[in-house]
There are 2 protein chains.
Amino acid sequence: MYTIGEVSKLFDLPVSTLRYYDKEGLFPGMRRESGIRKFSEKEIDALRVIECLKKSGLEIRDIKQFMKWCVEGSSTYPERLELFRRQKQSVEEELNRLHRVLAMLRFKCWYYEQAIQDGNEERLRVLTPEEMPEDIRSAYEQSHPALDAGTR
Amino acid sequence: MYTIGEVSKLFDLPVSTLRYYDKEGLFPGMRRESGIRKFSEKEIDALRVIECLKKSGLEIRDIKQFMKWCVEGSSTYPERLELFRRQKQSVEEELNRLHRVLAMLRFKCWYYEQAIQDGNEERLRVLTPEEMPEDIRSAYEQSHPALDAGTR
DNA sequence: GTAATACCTAAACCTGACTTTAGGTCAAGA
DNA sequence: TCTTGACCTAAAGTCAGGTTTAGGTATTAC
């Protein structure tokens with residue numbers, strides 16, 4: 001059993017955030033002793049899942065729903081599975097987006113390295129993909145088609 | 001030259017968002033004809049970079065700074081390179097985080113598939129990593145060490 | 001002529017996820 | 001005794017990134 005201050009240190013989260021999570025219903029059935037919150041292994045586990053689901057982009061109200069399902073027992077396994085599948089897909093999509101963003105950033109880094117060497121962008125302005133180093137061309141092509149399709 | 005409505009369709013962004021970007025200084029030097037915004041190739045390019053930098057997690061005020069540097073010319077190449085390098089690193093870190101989140105979600109999906117088959121979590125509760133299928137164990141281990149280190 | 005559209009501004013409003021403030025209880029240490 | 005520190009609540013404040021509203025102009029469509 002941990003106090004809120006101990007959990008705060010354990011997870012490196014402000015006490016105010018833990019109280020906020022509690023107020024939002026993220027620890028259903030958490031015990032108290034004369035008004036003071038007692039975090040058991042159950043709440044610690046919950047917090048681990050909360051951190052994961054938050055990083056996956058889930059909102060507090062949906063995490064609350066998940067916690068409710070956990071309380072309801074085995075009848076909600078399908079809903080919980082569905083939730084994790086949806087989040088898995090959404091993180092996969094986010095990873096794809098970020099890979100494309102990274103390719104664009106790689107290209108931009110190369111671009112400004114060249115610009116600094118040249119002292120201007122004259123040469124770069126007329127550059128075609130064929131004239132770029134291979135890795136840069138691939139970064140460029142990875143990051144540009146989606147944009148060009150909509151705007152050219 | 002495009003009107004705001006045309007650009008809105010091109011980029012699938014609300015007109016209000018484009019006006020907001022303009023108000024925030026993301027299109028320095030954009031021309032107007034009798035009060036009406038004229039988006040030239042320059043602003044279209046800017047918008048492409050804005051979308052990329054936004055996806056990389058940069059804030060509007062930093063994007064504004066970047067646009068200012070672009071206006072200032074070749075003397076700011078180093079600043080712009082620095083910016084893209086920072087964003088590149090920050091996206092790489094975000095990708096790592098998301099890979100760990102994805103491993104956790106993969107594990108959770110497997111967990112609830114098992115729970116549904118078993119009808120309960122009895123078996124799962126006492127499961128050790130060694131008893132998991134190999135791909136699940138690796139997902140589990142990818143996603144858990146960081147948490148365990150802090151909380152056990 | 002009038003109604004629908006596309007544009008404009010300034011300013012108020014919204015949302016999510018916290019954080020801060022103001023005020024209070026209770027136990028331990030100097 | 002008194003003050004420090006850890007806990008508590010309710011309510012207000014903050015921040016980013018927009019969106020909505022209210023009011024206005026100019027052009028085109030019927």
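Protein chains get the first letters and strands the later ones, always in sequence-line order, with residue 1 at the start of each. Hydrogens, waters and symmetry mates play no part in the numbers below; they use all other heavy atoms, side chains included.
- No side-chain donor from either of A:Thr76 and A:Glu79 sits under 3.5 Å from a side-chain acceptor of the other.
- Side-chain contact, A:Arg100 with A:Gln142: no donor N or O sits under 3.5 Å from an acceptor N or O.
- To the nearest angstrom, P of C:dA6 lies 15 Å from CG of B:Leu18.
- Base contact: B:Arg19 has a heavy atom under 4.0 Å from a base atom.
- When rounded to the nearest whole Å, the span between CZ of B:Arg32 and P of C:dC8 equals 6 Å.
- Side-chain contact annotation: B:Ser90 with B:Glu93, donor-acceptor N/O pair under 3.5 Å absent.
- A straight line from CD1 of B:Ile63 to P of D:dG17 spans 8 Å, rounded to a whole angstrom.
- Side chains of A:Tyr77 and B:Glu113: a donor-acceptor N/O pair is absent below 3.5 angstrom, by distance only.
- A:Tyr2 has its OH atom 15 Å from the P atom of D:dC7, to the nearest Å.
- In this structure, A:Ile36 atom CD1 and D:dG5 atom P are separated by 17 Å, rounded to whole Å.
- Between B:Leu26 atom CG and D:dA16 atom P the separation is 14 Å, expressed in whole Å.
- Straight-line distance from the CE atom of A:Met1 to the P atom of D:dC7: 16 Å, rounded to whole Å.
- Under the 6.0 Å distance and 45° angle rule, B:Lys108 counts as a cation-pi partner of B:Tyr111.
- Within the nucleic acid shown, B:Ser34 has no heavy atom closer than 4.0 Å to any nucleic acid atom.
- A close approach under 4.0 Å does occur between a side-chain nitrogen or oxygen of A:Thr3 and OP1 or OP2 of D:dC7.
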### Task
Could you encode protein contacts along nucleotides 15-27 of chain C as a string, one character per nucleotide from 5' to 3', using B for base contact, S for sugar-phosphate-only contact and - for no contact, with a heavy-atom cut-off of under 4.0 Å?
-SBBBB-------
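- Remark: B:Arg37 is in phosphate contact with C:dC8, judged by side-chain N or O atoms under 4.0 Å from OP1 or OP2.
- Shown here for A:Met104 and B:Cys52, the closest heavy-atom pair between the two residues is CG-SG, 3.0 Å.
- Between the side chains of B:Ser138 and B:Glu141, no donor-acceptor pair is found at a separation under 3.5 Å.
- What separates CG of B:Asp22 from C1' of C:dC7 is a distance of 13 Å, to the nearest Å.
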